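This report refers to the structure that appears directly beneath it.
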Amino acid sequence: MALSLGTSAQQFLSLQHSHRSGGACFKCGELLGIGRVSVVQVHLKKKSFMVLTIADVSSERVLLPATGAGKLALKPIPGDYGPPLAGLLVDRLKYFWLQGRDNFFSSAMERYGSTVIRVNMPPGPPFFPDSRTIMLLDQKSYRVLFDMSKVEKKDVFVGTYMPSTEFTGGFRVLPYLDPSEKNHAPLKSFCSEILRYKAMRWIPEFHKAFVEAARRWEGQLAKNGKADFSGICGHFTQNFLFRSVLNRDPATPGEFSLGNEGPSCIQAWVFLQLHPQTSLGLPLPFEEFFFHSFPLPYALIASQHEKLYKFFWTYGKEVLDLAVDKFDLDREEACHNLLFFICFNTWGGIQLLFPSIIIRIAAAGPTLQQELAREVREAVEAHGGLNMKAISNMELLHSTVYEVLRIDPPVPFQYARAKKDFIVESHDAAFKVQRGELLGGYLGMAMKDPKVFQEPKSFNPKRFMGEEGRMLLHNLIWSNGPETHEPTTNDKQCAGKDFVNFVARLLVAEFFLRYDSFEIGPVVKRPRAFVEFTSLRKRGN
């Protein structure tokens with residue numbers, strides 16, 4: 001039995017049959033290498049071999065899942081945690097001040113000649129838990145974080161520490177639960193059901209909120225010559241989410257109205273949970289002492305959190321009834337999870353993603369904007385408006401959003417703890433991980449893996465177009481799992497993966513239905529990107 005050397009990647013991935021002959025079993029596995037490749041996995045008695053024959057070379061590469069132990073040299077994991085406290089302090093200063101996040105990891109990779117390394121991850125002792133972490137910085141090793149047979153996800157959502165449950169009403173909310181825990185399945189199902197249950201509201205409510213934001217941008221431009229995208233985006237996305245899910249405008253007068261304080265309440269609540277990992281650009285001694293050394297108390301933002309909770313408790317009756325009646329959840333626990341899902345996960349993620357989309361499209365130049373405008377308008381005209389069918393026929397828009405998610409993932413880190421001893425493989429070596437060790441993955445490196453993506457540091461909005469481009473979606477892992485995989489209650493892949501893609505596409509589509517082009521000023525990060533429009537050219541006839 002043999003595969004044709006000309007077997008295309010798409011045909012290859014779809015082959016599921018096996019051929020048995022003479023006690024050997026030949027199976028088609030997934031693709032590795034460059035271009036059109038034939039790969040046959042041969043199982044002969046207890047031995048396994050991988051045979052690759054390369055037919056020709058293409059522009060992109062697709063990753064083969066980790067093979068069994070023994071095919072690569074077993075090496076000790078390189079890196080050094082240093083002396084207690086002193087080693088942590090050195091790594092923390094490098095991470096925040098001397099090198100910055102990307103250079104911290106790239107220099108360690110170069111120094112140790114490995115994409116699997118030991119480092120101290122902030123914040124660390126004495127007032128936070130153990131900082132010692134095995135970092136996985138390539139696509140192949142990173143994927144062990146998705147393997148629930150090897151790792152546990154309990155209380156590692158934000159990394160080496162867990163914020164006090166005071167921030168979440170005394171409950172460990174869904175992101176901190178391992179799939180093996182009792183409430184994980186009903187809570188994740190509840191989050192997924194919200195997205196389905198409110199499906200008819202997403203497009204009209206997004207459009208309404210976008211038009212309101214656009215008028216504010218245009219008014220600021222006319223008055224000041226520039227417009228605050230980032231600040232208005234906070235209100236725009238809050239209005240869209242709250243109106244869609246809770247059927248209530250947060251600024252509407254009445255009991256527990258948030259007025260215009262919603263985004264500032266959310267931002268304060270989120271910041272106090274993440275401050276040990278955040279740099280504000282303040283003077284080093286001040287920031288290190290007050291933000292990276294000990295957890296700030298919940299009491300500082302208790303009033304803001306209480307406002308949010310009362311708003312959700314009062315106006316979330318419909319979805320909270322759903323949680324109780326369909327998923328048998330405690331109503332108070334469901335409310336705290338709903339607040340976290342909408343405000344921390346979704347609103348917080350959008351504040352990182354939407355500015356990245358605007359920055360990348362603006363930097364790509366006028367040609368991309370012209371092509372996106374043409375594609376969006378043709379699809380909308382062909383399908384009778386901005387609807388699901390029209391959005392599904394915008395290939396360049398899809399690819400552009402995927403590329404932003406690849407190069408600027410809104411959640412750059414994932415963590416897990418080894419639940420047993422096992423071997424993790426990079427492209428070049430195998431390493432033994434011991435039970436109880438903390439593993440971290442940094443997408444800023446893993447999704448710029450040069451063995452998977454050509455010119456990985458370059459923004460290529462057409463990277464995911466066509467047959468070859470669609471195959472690369474297996475390597476797009478921003479959601480804590482491959483883009484080609486659907487989240488389940490047995491894993492920790494983002495329940496809102498498809499929703500995030502959807503609203504990102506809506507943003508771009510709405511922009512180019514209203515504007516021909518836009519320009520932005522210099523981008524300031526403090527700590528997230530602050531973006532200002534310097535030009536919004538309204539759509540011509």
Side-chain angles (χ1 to χ4, degrees), residues 6-15 28-39 52 54-67 115 136-143 145-146 353 356-357 360-361 364 368 371-372 375 391-412 414 426-427 441-487 493-494 497-498 500-502 504-505 508:
T7 300
S8 75
Q10 188 64 39
Q11 292 169 325
F12 177 78
L13 286 170
S14 68
L15 287 173
C28 297
E30 289 198 59
L31 217 55
L32 173 68
I34 48 176
R36 299 177 183 270
V37 187
S38 296
V39 182
L52 288 82
I54 300 175
D56 60 358
V57 177
S58 75
S59 61
E60 299 288 1
R61 305 169 183 180
V62 181
L63 186 68
L64 181 72
T67 55
T115 53
L136 312 173
L137 304 173
D138 66 90
Q139 281 259 342
K140 190 174 181 181
S141 64
Y142 192 102
R143 287 169 185 261
L145 298 173
F146 311 149
L353 177 60
S356 291
I357 291 172
R360 293 293 178 178
I361 292 177
L368 175 62
E371 291 175 345
L372 284 168
E375 179 183 72
I391 293 170
S392 67
N393 282 276
M394 301 177 187
E395 186 182 23
L396 175 60
L397 186 154
H398 287 206
S399 180
T400 300
V401 169
Y402 285 142
E403 180 70 345
V404 174
L405 287 166
R406 182 192 73 83
I407 207 162
D408 294 322
V411 182
Q414 296 292 340
S426 68
H427 297 298
Y442 178 47
L443 287 171
M445 294 297 166
M447 286 206 294
K448 297 184 182 77
D449 187 336
K451 294 190 177 181
V452 176
F453 295 105
Q454 186 183 42
E455 298 182 2
K457 295 182 180 180
S458 298
F459 178 74
N460 176 6
K462 298 183 179 180
R463 188 185 300 274
F464 295 97
M465 292 180 69
E467 181 181 335
E468 298 282 344
R470 286 189 292 273
M471 285 171 49
L472 284 171
L473 292 176
H474 178 66
N475 302 302
L476 189 63
I477 53 176
W478 69 272
S479 63
N480 203 16
E483 190 65 25
T484 50
H485 181 266
E486 290 303 314
Q493 187 166 22
C494 176
K497 171 179 76 77
D498 293 336
V500 171
N501 270 303
F502 172 63
R505 293 164 187 169
V508 180

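This one's a predicted model, so the numbers in the text were calculated from it and none came from an experiment.
Contacts of Lys448 classified as salt bridge (Lys or Arg N to Asp or Glu O under 4.0 Å), with partners at least two apart in sequence or in another chain: none. A search for side chain to side chain donor-acceptor pair (under 3.5 Å) contacts involving Gln493 returns Ser479, His485, not counting sequence neighbours. In this structure Arg505 satisfies the salt bridge (Lys or Arg N to Asp or Glu O under 4.0 Å) test with no other residue, sequence neighbours excluded. Residues satisfying the salt bridge (Lys or Arg N to Asp or Glu O under 4.0 Å) test with Glu395, not counting sequence neighbours, are Arg470. The side chain to side chain donor-acceptor pair (under 3.5 Å) check on Ser426 picks up nothing, with sequence neighbours excluded. With sequence neighbours left out, Glu483 forms a salt bridge (Lys or Arg N to Asp or Glu O under 4.0 Å) with Lys497.
Salt bridge present: Asp408 and Arg360 bring a charged side-chain N and a carboxylate O closer than 4.0 Å.
Checked by atom type and distance alone, the side chain of Gln139 pairs as donor or acceptor with a backbone atom of Asn475 at under 3.5 Å. Distance alone, capped at 3.5 Å, places no donor-acceptor pair between the Glu403 side chain and the Arg463 backbone.
Nearest heavy-atom pair, Pro461 versus Ser399, reported as atom, atom and distance to 0.1 Å: O-OG, 2.6 Å. Between Tyr442 and Tyr142, the shortest heavy-atom distance links the atoms N-CE1, 3.6 Å. Nearest heavy-atom pair across His427 and Asp449 is NE2-OD2, 2.7 Å.
Between Met445 and Thr115 there is no side-chain heavy-atom pair separated by less than 4.5 Å.
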Start with the C-alpha gap between Leu476 and Met447, add the side-chain angles, then the distance that decides, and say whether side chain to side chain contact (heavy atoms under 4.5 Å, CB included) holds. CA-CA 7 Å; Leu476 189 63; Met447 286 206 294; 3.8 Å; yes

Apply the test side chain to side chain contact (heavy atoms under 4.5 Å, CB included) to residues Thr400 and Phe464: give CA-CA distance (whole Å), side-chain angles for both, the deciding distance (0.1 Å), then the verdict. CA-CA 8 Å; Thr400 300; Phe464 295 97; over 6 Å; no

